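Read through the structure below, which is laid out as structure tokens, and then see the notes.
Everything quoted here is computed from the prediction, not taken from an experiment. Numbers restart at 1 for each chain; the letters A, B, ... are given by sequence-line order, proteins then strands.
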There are 2 protein chains.
Amino acid sequence: MSYESLKLFRDIAQSRSFSRAAAMNGVSQSAASQQVQELEKDLGTILLDRSTRPLAVTQAGHLYNDFCRDVLRRKEEFEVTLDRLKQEVEGTVRVAAIYSVGLSEMAQLEEEFSRRVPKAQLVVEYLRPEKVYSAVLADQADIGLVSYPEASRQITVIPWRMEEMMLAAAPDHPLARLKRVVPQSLNGADFIDFDEDLPIRRDIDRFLREQNVQVNHTVHFDNLEMVKEAVLHRKGVSILPARVMRDEVAQGRLVAAPLVASPLFRPLGIIHLKKKHFHPVALAFLDLLREPEFKAA
Amino acid sequence: MSYESLKLFRDIAQSRSFSRAAAMNGVSQSAASQQVQELEKDLGTILLDRSTRPLAVTQAGHLYNDFCRDVLRRKEEFEVTLDRLKQEVEGTVRVAAIYSVGLSEMAQLEEEFSRRVPKAQLVVEYLRPEKVYSAVLADQADIGLVSYPEASRQITVIPWRMEEMMLAAAPDHPLARLKRVVPQSLNGADFIDFDEDLPIRRDIDRFLREQNVQVNHTVHFDNLEMVKEAVLHRKGVSILPARVMRDEVAQGRLVAAPLVASPLFRPLGIIHLKKKHFHPVALAFLDLLREPEFKAA
DNA sequence: GGATAACATTAACATGTCTAATATTGCAAG
DNA sequence: CTTGCAATATTAGACATGTTAATGTTATCC
């Protein structure tokens with residue numbers, strides 16, 4: 001049995017002709033005849049009465065014809081539903097990102113993406129870093145955007161961009177007058193930290209140690225936004241990615257000074273399940289992410 | 001696609017294992033794997049996620065699984081309905097017979113048949129000869145029982161039995177005293193005829209002519225029962241099949257005397273459509289009809 | 001009763017499907 | 001992190017199934 005056979009029988013029963021139905025289905029009359037004979041042998045019943053012209057459909061033939069119609073209709077239904085699902089799934093890219101990738105950045109990305117692939121839908125969710133990992137692991141997000149990305153058994157990392165870190169200070173802070181900062185300038189300054197278990201904290205600590213700088217550790221937070229907020233409120237200085245301060249700098253509420261000598265970078269990465277099969281739309285989004293424009297932004 | 005494939009996929013999805021489902025369906029694990037791969041290629045979608053143990057059914061996989069279940073259920077339903085139809089149709093033999101085959105004869109046949117094939121049903125309809133032919137032609141009867149059977153383009157004849165014809169007379173008729181009748185005894189007798197267009201009439205006329213007998217034609221009827229009735233009422237004598245007079249002879253209401261010299265026979269035949277496909281139960285009935293017991297009765 | 005149009009039959013052939021053997025992969029235990 | 005086990009994937013060749021083209025048979029019409 002095959003869908004072609006079902007359709008063929010249905011057409012034979014409807015047109016009351018083997019040859020016409022065979023032609024309709026692009027097979028020879030012989031094939032049609034043989035298929036029905038085989039079918040009748042299997043069922044142990046005559047379905048069509050060929051001893052009259054045009055042929056007659058027997059009672060059992062009508063039952064089988066109804067069966068064919070029902071199955072073919074159900075198949076159509078399945079195919080339509082599947083297409084809808086494919087459209088839905090394959091037209092959507094689900095991204096989980098940490099807050100600090102920047103909303104304006106993502107808005108720009110979304111705009112460009114919908115321009116290039118108009119039928120696609122981009123769903124971005126902003127989550128705390130560990131939630132980004134679990135969203136990707138649970139296949140609730142196709143792609144994750146995180147800082148200091150970590151690969152694991154199930155997760156693959158694609159390096160995305162390196163964000164330059166700068167000294168962050170309130171405009172009226174003494175250090176704010178410096179256009180460019182040598183690390184030693186920070187000696188003894190009140191410093192706003194990240195929590196000790198965060199990779200960014202380890203990176204900054206390493207940097208300060210290498211530069212032989214001793215800062216005055218004051219408060220610490222588990223996320224970048226709170227650190228920035230604290231700097232804004234003049235609780236001290238910190239070292240933050242330049243890009244996340246862009247708005248505040250433009251508004252004159254914050255000063256970002258490049259670190260001379262040895263610059264410091266925060267790596268951002270794209271993570272996804274190793275086993276993930278990306279559909280074309282998702283691949284298009286990945287391509288977009290990796291273009292210089294967005295890598296550099 | 002085949003029902004086996006549908007069942008296989010359903011079992012894979014349910015058991016969440018290729019190998020178990022393959023074993024259940026009596027095929028190799030390799031075959032199961034290949035079938036699903038082919039299917040996924042056709043549909044352009046992943047149905048099962050094998051990168052986890054046990055495997056996971058994707059959203060599309062669930063859709064397809066539902067489709068499989070529905071089709072298989074519909075197939076079961078069809079098969080049950082078909083079996084019922086077969087039981088109904090193939091368990092019934094429809095017979096159309098002329099009146100003069102004899103009710104007691106047929107009752108005996110019915111009894112014997114239901115003893116041999118208990119699940120079978122025999123439907124006998126008594127009709128005038130031309131109605132028997134049209135019932136067979138219209139496939140309203142599987143088998144027809146007629147005298148002087150005539151084959152045609154669509155009808156096949158199976159000779160059934162030859163019924164000996166005897167002189168029929170009322171017990172007090174002068175000819176009733178004869179144990180055996182030579183045709184010449186009939187010379188000048190009042191004779192009750194069949195209508196001229198009936199084969200039995202032509203047969204009797206030929207017989208009388210061959211024997212150089214001149215009878216006195218009185219009334220004529222279009223059927224055997226009326227002729228017998230007329231003889232009973234002493235309107236004259238006639239020549240009738242011995243068997244149809246059995247009851248009246250036993251009751252002493254009629255005398256049946258064999259015709260010596262050249263006996264006369266009425267042929268009975270089984271007729272059916274040339275194109276007819278007899279099912280086993282019908283064949284069993286035909287076999288019964290053709291057994292010596294019923295051929296000779 | 002012969003012509004013709006439809007269905008059946010046959011044999012050669014192509015295609016698809018299965019099995020057996022083997023490679024690869026996911027997972028869990030050491 | 002490696003190793004072993006169990007599950008799935010891959011491959012090639014045997015086998016079955018379905019198709020075609022040619023030809024035979026049958027129903028119907030005139």
Side-chain angles (χ1 to χ4, degrees), chain A residues 1-9 11-42 46-58 61 137-139 150-156 273-277, chain B residues 1-9 11-43 46-58 61 137-139 151-156 273-277:
Chain A
M1 196 261 332
S2 68
Y3 300 119
E4 286 71 32
S5 314
L6 297 180
K7 187 170 173 314
L8 182 59
F9 185 85
D11 292 347
I12 293 171
Q14 175 149 5
S15 66
R16 299 185 63 176
S17 158
F18 278 71
S19 18
R20 268 199 299 278
M24 274 165 145
N25 285 268
V27 296
S28 66
Q29 170 267 321
S30 169
S33 173
Q34 290 179 67
Q35 281 199 22
V36 175
Q37 283 179 57
E38 189 60 26
L39 185 59
E40 290 177 329
K41 211 180 71 188
D42 288 352
I46 300 295
L47 300 176
L48 301 171
D49 180 358
R50 291 94 153 159
S51 70
T52 180
R53 301 284 157 80
L55 57 79
V57 181
T58 67
L137 277 169
D139 196 31
E150 284 177 11
S152 67
R153 183 181 298 274
Q154 299 186 65
I155 284 182
T156 300
L273 279 178
K274 266 195 184 127
K275 71 176 188 187
K276 189 81 190 176
H277 305 287
Chain B
M1 196 260 334
S2 69
Y3 301 117
E4 286 70 32
S5 316
L6 297 180
K7 188 171 172 311
L8 182 58
F9 183 86
D11 292 346
I12 293 171
Q14 175 150 4
S15 67
R16 300 185 63 176
S17 158
F18 278 72
S19 18
R20 270 199 298 279
M24 273 158 122
N25 285 268
V27 296
S28 66
Q29 169 269 321
S30 170
S33 174
Q34 289 177 68
Q35 280 200 21
V36 175
Q37 284 178 57
E38 189 60 25
L39 185 59
E40 289 177 329
K41 211 180 72 188
D42 287 352
L43 297 176
I46 299 295
L47 299 176
L48 301 172
D49 180 357
R50 292 94 153 157
S51 71
T52 180
R53 303 282 159 80
L55 57 79
V57 182
T58 68
L137 277 169
D139 196 30
S152 67
R153 181 182 298 274
Q154 300 186 64
I155 283 181
T156 299
L273 279 177
K274 262 194 187 128
K275 70 175 187 186
K276 189 81 190 175
H277 304 286

Check: Which residues, if any, of residues 15-26 of chain A bring a heavy atom under 4.0 Å of DNA chain C?
Finding: A:S17, A:F18, A:S19
Check: Just how far, in rounded Å, is P of C:dG16 from CG of B:D42?
Finding: 11 Å
Item checked: Contact check, side chains of A:V36 and A:R50, non-hydrogen atoms, under 4.5 Å -> yes
Next item on the list: Treat primed atoms plus P, OP1 and OP2 as sugar-phosphate and everything else as base, then score nucleotides 24-30 of chain D 5' to 3': B for base contact with protein heavy atoms under 4.0 Å, S for sugar-phosphate contact only, - for none.
Entry: ---SB--
Notebook entry, point to check: Counting distance only, does the side-chain N/O of B:S5 pair as donor-acceptor with the main-chain N or O of B:M1 below 3.5 Å?
Noted result: no
Checklist line | Quiz item: A:S30 side-chain donor-acceptor pair to D:dA22 base, under 3.5 Å | finding: no
Next item on the list: Provide, to the nearest angstrom, the distance between the CD atom belonging to B:Q35 and the C1' atom belonging to C:dT19.
Entry: 13 Å
Checklist line | A:E4 CD - D:dT20 P separation (whole Å) | finding: 12 Å
Checklist line | Any B:L273 side-chain heavy atom under 4.5 Å of B:T156 side chain | finding: no
Next item on the list: Please tell me which of the listed nucleotides, D:dG18, C:dT9, D:dA9, lies nearest to the side chain of A:Q37?
Entry: C:dT9
Note to self: Could you report the tightest heavy-atom contact between A:I12 and A:A32, atom names first, then the distance?
What the structure shows: CD1-CB, 4.2 Å
Notebook entry, point to check: How many angstroms lie between atom CD of A:Q34 and atom CD of A:Q29, to the nearest 0.5 angstrom?
Noted result: 9.0 Å
Next item on the list: Starting from C1' on C:dT17, measure out to CG on B:L8 and report it in whole angstrom.
Entry: 12 Å
Margin query: Within the structure provided, determine whether B:N25 and B:E4 are in side-chain contact (heavy-atom separation under 4.5 Å).
Written below: no
Notebook entry, point to check: Would you say A:Q14 has more than 12 foreign heavy atoms packed within less than 6.0 Å of its CD?
Noted result: no
Margin query: In whole Å, I'd like the distance from the CG atom of A:L39 to the C1' atom of D:dG18.
Written below: 14 Å
Next item on the list: Could you tell me whether the side chain of A:T58 and the main chain of A:L47 form a donor-acceptor pair under 3.5 Å?
Entry: yes
Note to self: In whole Å, I'd like the distance from the CG atom of B:L6 to the P atom of C:dT17.
What the structure shows: 13 Å
Margin query: Five pairs per end, C1' atoms only: what is the angle between the end axes of the helix from C:dG1-D:dC30 to C:dG30-D:dC1, to 10 degrees?
Written below: 40°
Note to self: Please give me the minimum heavy-atom distance between B:R16 and B:L55, naming the atom from each residue.
What the structure shows: NE-O, 2.8 Å
Next item on the list: Please report the C-alpha distance between A:S30 and A:S33 in whole Å, then the side-chain angles of each, then the deciding distance to 0.1 Å, and finally whether the side chain to side chain donor-acceptor pair (under 3.5 Å) criterion is met.
Entry: CA-CA 5 Å; A:S30 169; A:S33 173; over 6 Å; no
Next item on the list: Round to the nearest Å and state the distance from B:L55 atom CG to D:dA7 atom C1'.
Entry: 9 Å
Next item on the list: Taking only Lys NZ, Arg NE, NH1 and NH2, and the carboxylate oxygens of Asp or Glu, determine whether A:K41 and A:E38 approach each other closer than 4.0 Å.
Entry: yes
Next item on the list: Measure from CD on B:E38 to C1' on C:dG16 and round the result to the nearest Å.
Entry: 9 Å
Margin query: Once hydrogens and angles are ignored, does a donor-acceptor distance under 3.5 Å link the base of C:dT19 to the side chain of B:Q34?
Written below: yes
